[in-house]
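Let me begin by presenting the structure, written as structure tokens, before commenting on it.
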Amino acid sequence: MYTAHPDRYADLPYRRTGRSGLKLPALSLGLWHNFGPDRPAETQWAILRRAFDLGVTHFDLANNYGPPPGSAESALGEALRTDFARYRDELVVSTKAGYLMWPGPYGEWGSRKSVLSSLDQSLGRMGLEYVDIFYSHRPDPETPLEETMGALHSAVQQGKALYVGVSNYSAEQTREAARILGELGTPLLIHQPRYSMLDRRPESGGLLDALDELRVGSIAYSPLEQGLLTGRYLDGIPEDSRAASDSPFLKSDAVTEELVGRLRALDGIAKSRGQSLAQMALAWVLRGGRVTSALVGASSPRQLEDSVSAVANLDFGADELARIDEIVNQ
């Protein structure tokens, strides 16, 4: 039987999420691509155990994570039953609804029917009575925002979620979502945007400013930019990489000689900081405390350990930040 490390809370910092009482670890584990039947169950469980031993108390999912869709939640459900049942109150489990999950008009987007049906399915796969955070995964252009936010509010009222969040919403949409939820009496806890050194849209689009004003937390996904900021592409495209497979999330033609040159320059800064490129990229997202947590994936416990080591140096000098901006924007 798995027994968690007694010093699991010793090193990883925890940050308050917006104005709430909930604290999240600076690094959270995303179960997006590496939790499904195509991966050895022993490896998946080893990653989860090592994460918790390191103080990573937040496991982030969505209804469609896998592959196939739903399998990541099923995998976590099995681990919760076997390894983590007695640690449930030490875990933050989140899931989302909004992307395509089942056929027909109710299998995606943000209708009340879709959102609440999806949550019930997610709870069934994970064997849970509630999730800690339930997200609207993306805004629905054809459903009134009042309906989608009303569904999130209902999830809390029904005891199926403790907090609610949104993901992939613009600054304006986030402000409106927060207003509606506030009037209903269920505060918006957190926003999950895509954010990295190479993707600054939360800054340029005003989202981070909006979250500061609203006192809403944030958790960045793809902080390593689909692997570009891991150092794997410093010599081009590896044969076993995501870009080599022409993944819809990273096409091979995106990895240009110019980009590789910028990655090498960024790697030089990371080395001067005593970090890998991946560790510096995570530290950059977490710099200054504006982002509550950064989501990392892992294909092995060792990879997770490397990511968590980023918290050893989250400080940047003004010259370092200026040089990073110069490289990224050239």
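Residue numbers run from 1 in the order of the sequence given.
Using a 4.5 Å heavy-atom cutoff, the side chains of Ile190 and Val164 are not in contact. At a threshold of 4.5 Å between non-hydrogen side-chain atoms, the residues Met149 and Val166 count as touching. Considering only heavy atoms from C-beta on, Val93 comes within 4.5 Å of Leu61 through its side chain. You'll find the side chain of Thr17 stays beyond 4.5 Å of the side chain of Val216, heavy atoms only. Within the 4.5 Å cutoff, the side chain of Phe59 has heavy atoms near those of the Leu76 side chain. In this structure, Glu305 and Leu54 have side chains that are in contact, with non-hydrogen atoms separated by less than 4.5 Å. When side chains are defined from C-beta on, Ile324 counts as touching Met280, because their heavy atoms get closer than 4.5 Å. Proximity of Phe52 to Leu29: side-chain heavy atoms (C-beta onward) are nowhere separated by under 4.5 Å.
Between His137 and Tyr65, the two ring planes are perpendicular [angle over 60°; tilted spans 30° to 60°]. Ring-plane geometry between Tyr195 and Trp284 is classed as tilted, the angle between the planes lying from 30 to 60 degrees on a 0 to 90 degree scale. Note on ring orientation: taking the six-membered ring where Trp is involved, the planes of Tyr2 and Tyr87 are perpendicular (angle over 60°, cut-offs 30° and 60°).
A donor-acceptor pair is defined here as one N or O able to donate and one able to accept, closer than 3.5 Å; no such pair exists between the side chain of Arg287 and the backbone of Leu314. At least one donor-acceptor pair under 3.5 Å links the side chain of Ser74 to the backbone N or O of Gly70. Proximity of a side-chain donor or acceptor of Gln44 to a complementary backbone N or O of Gly36 within less than 3.5 Å is detected. The main-chain N or O of Ile133 is never found under 3.5 Å from a side-chain atom of Ser94 such that the two would form a donor-acceptor pair. With hydrogens and angles ignored, the 3.5 Å screen pairs no side-chain donor or acceptor of Ser114 with any backbone N or O of Gly107. Side-chain N or O atoms of Arg273 include one that pairs as donor or acceptor with a backbone N or O of Asp315 at under 3.5 Å.
A salt bridge between Glu326 and Arg323 is present, with a side-chain N of the basic residue lying under 4.0 Å from a carboxylate O of the acidic one. Glu176 has a carboxylate O that lies under 4.0 Å from a charged side-chain N of Arg179, or vice versa, which qualifies the two as a salt bridge. The pair Arg8-Asp53 fails the salt-bridge criterion, with no side-chain N (NZ, NE, NH1 or NH2) lying under 4.0 Å from an Asp/Glu carboxylate O. A salt bridge links Asp325 with Arg200: the distance from a Lys NZ or Arg NE/NH1/NH2 to an Asp or Glu carboxylate oxygen falls below 4.0 Å. A salt bridge links Arg290 with Asp212: the closest approach of a Lys/Arg side-chain nitrogen to an acidic carboxylate oxygen falls below 4.0 angstrom. The residues Arg138 and Glu108 are annotated as salt-bridged, a charged nitrogen and a carboxylate oxygen being separated by less than 4.0 angstrom. The existence of a salt bridge linking Asp132 and Arg88 is confirmed by a sub-4.0 Å separation between a basic side-chain nitrogen and an acidic carboxylate oxygen.
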Exercise for the section: Might you work through the side-chain contact (heavy atoms from CB on, under 4.5 Å) test for Val296 and Ser28, ending with a clear yes or no? Expected result: CA-CA 6 Å; Val296 296; Ser28 299; over 6 Å; no

Exercise for the section: Carefully, step by step, assess Met126 and Val131 under the rule side-chain contact (heavy atoms from CB on, under 4.5 Å). Expected result: CA-CA 9 Å; Met126 291 186 285; Val131 290; 3.7 Å; yes

Practice task
Could you walk me through whether Glu257 and Arg262 pass the side-chain contact (heavy atoms from CB on, under 4.5 Å) test, one step at a time?
Solution key: CA-CA 9 Å; Glu257 289 186 12; Arg262 283 187 284 164; over 6 Å; no

Exercise for the section: Under the side-chain contact (heavy atoms from CB on, under 4.5 Å) rule, what do Tyr14 and Leu24 come out as? Steps first, then yes or no, please. Expected result: CA-CA 5 Å; Tyr14 295 81; Leu24 292 179; over 6 Å; no

Practice task
Please lay out, stage by stage, how Gln226 and Ser222 fare under the test side chain to side chain donor-acceptor pair (under 3.5 Å).
Solution key: CA-CA 6 Å; Gln226 299 296 323; Ser222 292; 3.1 Å; yes

Exercise for the section: Tell me, with the steps shown, if Ser300 and Gln303 meet side chain to side chain donor-acceptor pair (under 3.5 Å). Expected result: CA-CA 5 Å; Ser300 68; Gln303 186 180 19; 4.7 Å; no

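Under the 4.5 Å side-chain heavy-atom criterion for ILVMFWY residues, no single connected hydrophobic cluster contains both Leu188 and Tyr221. Note on Met101 and Tyr135: separate hydrophobic clusters, where clusters join Ile, Leu, Val, Met, Phe, Trp and Tyr whose side-chain heavy atoms are under 4.5 Å apart, directly or indirectly. The cluster map of Ile, Leu, Val, Met, Phe, Trp and Tyr, joined by side-chain heavy atoms under 4.5 Å apart, puts Leu181 and Leu211 in the same cluster. Clustering ILVMFWY residues whenever any of their side-chain heavy atoms sit less than 4.5 angstrom apart, transitively, puts Ile269 in the very cluster that holds Leu228. A chain of hydrophobic side-chain contacts below 4.5 Å, direct or via other Ile, Leu, Val, Met, Phe, Trp or Tyr residues, connects Tyr130 to Leu189.
Between Pro67 and His33, the shortest heavy-atom contact is CD-O, 4.1 Å. Ser299 and Asn34 get closest at one heavy-atom pair: N-ND2, 3.6 Å. Residue Ser276 comes nearest to Ala270 through the heavy atom pair O-CB, 3.5 Å, listed as atom of the first residue, atom of the second, then distance. Ser118 and Trp102 make their closest contact through N-CH2, 3.8 Å (heavy atoms, listed as atom of the first residue, atom of the second, distance). Nearest heavy atom pair, residue Glu258 against residue Gln330, reads OE2-O, 3.8 Å. Listed here is the closest heavy atom pair of Ser154 and Leu116: CB-CD1, 4.3 Å.
Note: Trp45 and Phe84 fail the aromatic proximity criterion, with ring centroids not under 6.0 Å apart. Note: Phe134 and Tyr163 fail the aromatic proximity criterion, with ring centroids not under 6.0 Å apart.
If you take CG on Leu263 and CE on Met197, they are separated by 8.5 Å, rounding to the nearest 0.5 Å. Rounded to the nearest 0.5 Å, atoms CD1 (Ile219) and CZ (Arg15) are 11.5 Å apart. Taking CD of Gln279 as the reference point, atom CG of Leu224 lies at 10.5 Å (rounded to 0.5 Å). For the atom pair Ile180 CD1 and His153 NE2, the distance stands at 12.5 Å (nearest 0.5 Å). Note that the CG atom of Asp319 and the CG atom of Leu321 stand 8.0 Å from one another [nearest 0.5 Å]. Rounding to the nearest 0.5 Å gives a distance of 12.5 Å between CG of Leu207 and CD of Glu172.
There is a side-chain donor-acceptor pair under 3.5 Å between Thr95 and Glu73. Side chain to side chain, Ser196 and Glu225 meet the donor-acceptor criterion of an N or O pair below 3.5 Å.
For Arg86, the CZ atom sits in a packed shell: over 12 heavy atoms of surrounding residues, nucleotides or ligands are nearer than 6.0 Å.
Exactly one of Asp60, Asn64, Asn63 qualifies for a side-chain hydrogen bond (donor to acceptor under 3.5 Å, both in side chains) with Lys96. That residue is Asp60.
Both tests do not hold together for Arg175 against Tyr169: distance to the six-membered ring centre under 6.0 Å, angle to the ring axis within 45°. In this structure, Lys113 satisfies the cation-pi test against Tyr106, with its NZ or CZ atom closer than 6.0 Å to the six-membered ring centre and inside 45 degrees of the ring normal.
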